[in-house]
There are 2 protein chains.
Amino acid sequence: MGPRRHDPAAVAAVAQALTPLAADGLRLLVNPEERRRLSRDAYDYSPVLAARLAAAEAELVVRPVTVEQVKAVAAACAHHHVPITMRGAGTGNYGQAVPLLGGVLLTMTGLQAVRSATTDCFTAEAGCRLVAIDEALAPHGAEQRLLPSTYRTATIGGFVAGGSGGIGSVAWGFLRDPGNVLGMEIITVEPQPRRRQLMGDAAAPLNHAYGTNGIIVAVTLPTAPLRRWRELLVAMPGLEQGLALADQLRTAALPIKELSLYDQQIAAMVRPLQGGVAGIGGCRLIAVVAAEAMETVKETLAHHDARLLLQRPQTAAGSLRELTWNHTTLHARAADPAWTYLQLQLPPEPAAVLQALGRQQGEDLAWHLEVVRSQGEARWAALPLLRWQGADALAAVMEAAQALGCTLFNPHVITVEDGGLGVVDGDQVQAKQAYDPAGLLNPGKLRGWLERGASA
Amino acid sequence: MGPRRHDPAAVAAVAQALTPLAADGLRLLVNPEERRRLSRDAYDYSPVLAARLAAAEAELVVRPVTVEQVKAVAAACAHHHVPITMRGAGTGNYGQAVPLLGGVLLTMTGLQAVRSATTDCFTAEAGCRLVAIDEALAPHGAEQRLLPSTYRTATIGGFVAGGSGGIGSVAWGFLRDPGNVLGMEIITVEPQPRRRQLMGDAAAPLNHAYGTNGIIVAVTLPTAPLRRWRELLVAMPGLEQGLALADQLRTAALPIKELSLYDQQIAAMVRPLQGGVAGIGGCRLIAVVAAEAMETVKETLAHHDARLLLQRPQTAAGSLRELTWNHTTLHARAADPAWTYLQLQLPPEPAAVLQALGRQQGEDLAWHLEVVRSQGEARWAALPLLRWQGADALAAVMEAAQALGCTLFNPHVITVEDGGLGVVDGDQVQAKQAYDPAGLLNPGKLRGWLERGASA
């Protein structure tokens with residue numbers, strides 16, 4: 001049988017089985033307010049998802065503090081056919097951590113050991129915050145390669161299971177690129193759960209699978225060398241100049257950790273992009289570069305008539321990092337909640353797309369662009385802000401973008417596949433068969449599993 | 001007036017002026033054998049250059065040990081209109097250090113202080129060997145970005161003045177890419193020489209100008225983070241498989257310092273490429289990757305049916321490094337001195353070029369390919385071995401390669417411009433006007449200066 005939907009008796013049986021572990025730190029949260037709060041993530045960037053997911057709620061939140069306790073949760077849920085939905089810090093934007101069928105919400109923030117940190121790689125438990133991992137790596141002259149803009153709150157397990165890239169993607173590509181995740185430790189969901197070490201290729205099917213096909217309890221990732229990063233905020237008249245400047249910077253021999261562009265409308269709307277200097281219009285570029293690149297960067301800015309509004313060492317808190325990637329959307333929505341967004345990869349020559357969509361949408365679209373490494377080549381990703389005008393209008397813009405040669409990563413859908421390239425990944429489904437044979441993990445999020453069920 | 005050609009009296013006057021400095025370590029070498037030896041570089045890879053440059057010889061070799069002594073040499077030569085040709089370790093392949101008009105050969109190996117070494121950058125005197133700079137950087141967790149295969153003997157001044165890239169170019173591009181050279185200290189050639197610090201853009205015209213437009217006494221370059229590099233030798237059946245494997249490696253998220261391919265003919269001819277394993281035919285790939293990339297690399301090799309013949313930590317001596325770049329040509333010529341070579345950048349899809357030229361040339365051409373970063377994109381450079389069949393045959397192959405979309409960097413010519421894109425760089429000529437107004441430095445090597453003279 002499959003997972004039981006909203007079955008209070010079954011959940012009560014799970015709670016009862018786990019109660020003895022409370023003495024060892026496991027927490028069982030049944031308070032309705034906490035359950036409601038933890039059954040959400042940051043999906044409200046999407047009005048589509050907000051409507052669809054508002055009612056979803058787990059009957060029980062479980063917060064283990066050891067791997068053995070995770071095994072106990074998996075065993076109890078498997079025994080009682082109760083669905084388990086994994087949660088890190090809840091910073092996802094696609095409802096990755098939302099329990100569609102209720103059941104147990106398994107929040108991993110209690111597993112926060114950095115098991116090892118070296119110059120080359122680290123192994124951290126799923127609930128480790130990324131900021132804590134960088135603190136552990138710094139004495140070894142190392143840092144994480146990829147960070148979401150939610151760096152200060154996000155967990156590493158949540159990032160690997162529900163994220164894809166972010167700051168650092170300009171140099172290192174995305175988490176799913178071979179080499180960015182070296183291994184995982186997982187717990188299977190079975191009456192007798194197994195603890196498995198998946199190294200290399202074996203871990204790939206669980207990478208960005210929303211916790212649908214195995215409980216990730218620890219991950220091993222390679223590092224990047226720690227550098228003295230400096231963050232810059234730059235003003236220039238228009239997006240075209242910004243594209244040319246960014247191109248010049250990325251093709252030079254400069255260590256770059258982040259390179260993004262914000263059009264006039266976003267620059268005017270998101271106050272920190274004004275850089276504390278009044279009356280400077282135009283677009284903005286944010287760059288994070290190594291200290292030794294600063295002189296070359298300044299010369300490049302001078303050649304492009306770009307104005308350096310701000311430069312400073314990058315720090316954990318209060319960084320320009322928190323203006324980039326989906327933090328841009330956060331700030332825009334704080335200014336006006338009518339904004340939502342898209343996720344695109346632009347074709348190699350993006351100018352035509354920017355113009356065509358800009359013309360079509362007028363002030364209802366604002367461009368936010370990020371340089372990323374895709375298949376080894378530099379490309380522009382876009383997280384354009386879109387003024388919400390209903391689902392049909394949204395669908396029309398997405399269609400127009402695709403017709404112009406953009407690759408869409410739709411942030412208004414709940415399945416792994418539809419948020420990606422739309423294609424079922426047989427390895428993900430096979431991994432679910434192996435590690436979650438009863439289909440209890442995050443039901444409804446892996447389309448390949450649902451379709452397999454339908455055709456069986 | 002311009003430089004005096006082979007003027008024994010003028011050279012004797014220079015020698016006399018410098019003799020008092022011998023007490024402070026400056027050396028004046030007049031012994032014919034030493035003069036002959038030091039008036040050469042490794043141009044004999046090119047039969048064209050070997051014929052053209054065989055007779056060139058300086059009347060006096062001067063080896064200063066301080067910047068003040070360099071100034072004294074510049075002053076004496078300027079006073080007596082004696083040409084000065086700069087020399088590092090003489091590892092260049094285009095006669096960069098060959099004194100066409102005789103005069104003084106200024107060998108910089110006596111200036112070998114690493115003035116500063118930090119995590120971010122270093123300043124080293126021109127005569128520093130690259131291997132010594134890496135030794136000074138290692139305690140700071142840093143290393144040089146770019147190395148010629150002559151790493152153990154080459155000097156940093158010679159590399160910047162006469163080289164272009166090499167090991168590391170897969171990640172960092174070439175020395176002339178903005179950001180790879182931060183500054184230079186130079187001495188002008190005038191009766192009262194000036195000591196100038198050229199930072200950023202101001203140093204660019206002296207970068208890869210063969211010492212024609214200023215005496216470089218020190219350079220400041222940015223570093224790369226030191227990593228635990230491992231070097232690998234891999235066998236696979238054919239070049240096509242090698243291209244696919246290399247493509248897979250370079251598009252993954254792996255720190256790579258060197259990635260090169262050698263066809264069957266080279267693999268059979270250059271014994272160390274056999275990896276100490278008898279009877280393994282096919283092509284070879286050399287990769288230098290960070291330790292944390294090894295597991296991903298091994299999985300990738302397995303997917304491509306490639307065989308790992310050898311893997312080991314990279315060391316200063318006895319490294320696979322000394323099979324790459326122009327060391328390949330060196331080894332081939334040791335096996336059979338009839339080999340010479342070309343330098344090409346291949347078009348983005350190189351397979352057609354490889355096939356077409358291979359078909360045309362048969363066994364008289366052997367492919368040696370290097371992945372490089374060019375204008376921010378990964379591209380294949382080629383240093384194909386060519387069996388020497390005379391200048392006309394060589395010209396025909398070069399023409400055929402260009403017709404197929406290759407960019408030629410002709411290693412059989414002596415001017416800066418003809419070894420590059422053939423175009424006069426006005427900044428180089430202006431720098432010579434400013435820092436060597438009498439045109440005494442390395443006369444005959446900067447075509448833009450000669451043409452300026454001709455049209456004046």
Side-chain angles (χ1 to χ4, degrees), chain A residues 118-122 140-142 145-146 168-169 171-183 199-202 204 220-228 247-256 289-300 302-303 371 373-378, chain B residues 118-122 140-142 145-146 168-169 171-183 199-202 204 220-228 247-256 289-300 302-303 371 373-378:
Chain A
T118 71
T119 304
D120 303 327
C121 60
F122 66 88
H140 302 277
R145 291 180 174 181
L146 296 169
S169 284
W172 293 103
F174 293 88
L175 279 167
R176 283 190 66 92
D177 290 345
N180 274 334
V181 174
L182 299 178
M199 299 312 290
D201 288 347
T220 301
L221 268 63
T223 61
L226 180 62
R227 290 171 177 273
R228 295 198 299 123
D247 225 47
Q248 188 72 31
L249 291 173
R250 73 157 187 86
T251 55
L254 307 172
I256 297 182
V289 304
E292 67 269 28
M294 275 307 301
E295 292 311 309
T296 310
V297 169
K298 282 185 199 163
E299 286 187 333
T300 308
H303 296 324
V371 181
R373 182 174 186 266
S374 172
Q375 298 290 313
E377 309 298 342
Chain B
T118 72
T119 304
D120 303 326
C121 60
F122 66 88
H140 302 277
R145 291 179 175 182
L146 296 169
S169 284
W172 293 104
F174 292 88
L175 279 168
R176 282 190 67 92
D177 290 345
N180 274 334
V181 174
L182 299 178
M199 299 311 290
D201 287 348
T220 301
L221 268 63
T223 61
L226 180 62
R227 290 170 177 274
R228 295 198 298 123
D247 225 47
Q248 187 72 32
L249 291 173
R250 73 157 187 86
T251 56
L254 307 172
I256 297 182
V289 304
E292 66 269 28
M294 275 308 300
E295 292 311 309
T296 310
V297 169
K298 282 185 199 164
E299 286 187 333
T300 309
H303 296 323
V371 181
R373 182 174 185 266
S374 172
Q375 298 290 313
E377 310 297 341

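Each chain gets a letter, A, B and so on, in the order the sequences are listed, and its residues count up from 1. Keep in mind the model is a prediction, meaning the values are calculated, not measured.
- Among B:P222, B:P255, B:A171, B:G183, the residue making the largest number of heavy-atom pairs under 4.5 Å with chain A is B:P255.
- Among B:R145, B:K298, B:E295, the residue making the largest number of heavy-atom pairs under 4.5 Å with chain A is B:R145.
- Only the side chain of A:A291 has a heavy atom closer than 4.5 Å to any heavy atom of chain B.
- For A:R228, the part lying under 4.5 angstrom from a heavy atom of chain B is the side chain only.
- Here the shortest heavy-atom pairing between B:A253 and A:R373 reads CA-NH1, 4.2 Å.
- The two residues A:G200 and B:E299 make their nearest non-hydrogen contact at CA-OE2, 3.4 Å.
- Only one option out of B:T296, B:T251, B:V297, B:L249 pairs with A:P178 in a side-chain contact (heavy atoms from CB on, under 4.5 Å); it is B:T296.
- For the pair B:G376 and A:R250, the tightest heavy-atom approach, listed with the atom from each and the gap, is O-NH1, 3.9 Å.
- Both the backbone and the side chain of A:E377 come within contact range of chain B, judged by heavy atoms closer than 4.5 Å.
- Nearest heavy atom pair, residue A:L254 against residue B:G179, reads CD2-CA, 4.0 Å.
- Chosen from B:D201, B:T119, B:T300, B:D177, the residue pairing most often with chain A at heavy-atom distances under 4.5 Å is B:D201.
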